[in-house]
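Values below: every heavy atom of this structure, side chains too, minus hydrogens, waters and symmetry copies. Residues take their numbers from the sequence shown, with the count starting at 1. Counting starts at 1 for both ligands and their atoms, in listed order.
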Amino acid sequence: MEKLSDELIARLVSSALAARGKAYAPYSRFAVGAAVLAASGEIYCGANVENASYPAGICAERNAIFHAVAMGERRLYAIALCGGKEGEKLGACFPCGICRQVMREFCDPGQFLVVVATSPTDWTVHTLARLLPDSFGPESLG
Ligand code: THU
């Protein structure tokens, strides 16, 4: 994969911001949106969906990734996410540990980009290898 253009990253960020508007977070009031870029070039979105039985809820990143995989994608290039308390200014929301591990399944961690966005024009970019060093993945099983 070649380097992602700023224009493509901006598209991912705006998709994540739009997805955040669909979050179902009545318990935490912490709304998260995510958008994943798959090898086909398609972008898949997700938002966090909570549940009255708290552990049954799921993060935005996993919803976006599982959406992509359920549509037949097996290789992912990047994910953008944004999160924060409803009605408040967005701060940098980094992915939780479980979501980092789920990303690991479908990418090259040295290449996969995690884009943490706080507005349509403000974001930071991190490799998964930095966020999840010395990771366990499909090849680890031999
Ligand atoms: N959440 C995400 O969707 N992604 C993250 O990376 C961190 C946390 C959600 C889960 C829960 O619905 C709410 O944010 C508060 O933890």
Report, one line per pair, each donor and acceptor closer than 3.5 Å where one atom sits in a side chain of residues 57-65; sequence neighbours left out.
{"from": "N63", "atom 1": "ND2", "to": "A47", "atom 2": "O", "distance (Å)": "2.9"}

Extract all donor-acceptor atom pairs below 3.5 Å that involve side chains of residues 33-44 and protein atoms in other chains or at least two apart in sequence.
{"from": "S40", "atom 1": "OG", "to": "E42", "atom 2": "N", "distance (Å)": "3.2"}
{"from": "S40", "atom 1": "OG", "to": "E73", "atom 2": "OE1", "distance (Å)": "3.4"}
{"from": "S40", "atom 1": "OG", "to": "E73", "atom 2": "OE2", "distance (Å)": "2.5"}
{"from": "Y44", "atom 1": "OH", "to": "E73", "atom 2": "OE2", "distance (Å)": "2.7"}

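The residues lining ligand 1, counting any heavy atom closer than 4.0 Å, are S28, F30, V32, N48, E50, C59, A60, E61, F94, P95, C96.
One distance of note links CZ of F112 with OG1 of T127; it measures 10.5 Å at 0.5 Å rounding.
The hydrophobic clustering, which links ILVMFWY residues whose side-chain heavy atoms are closer than 4.5 Å, places L128 and F106 together.
Residues passing the ring-ring contact (aromatic ring centres under 6.0 Å, His included) test with F136: none are found, sequence neighbours excluded.
A distance-only check finds no donor-acceptor pair linking the side chain of R29 to the backbone of G87 [under 3.5 Å].
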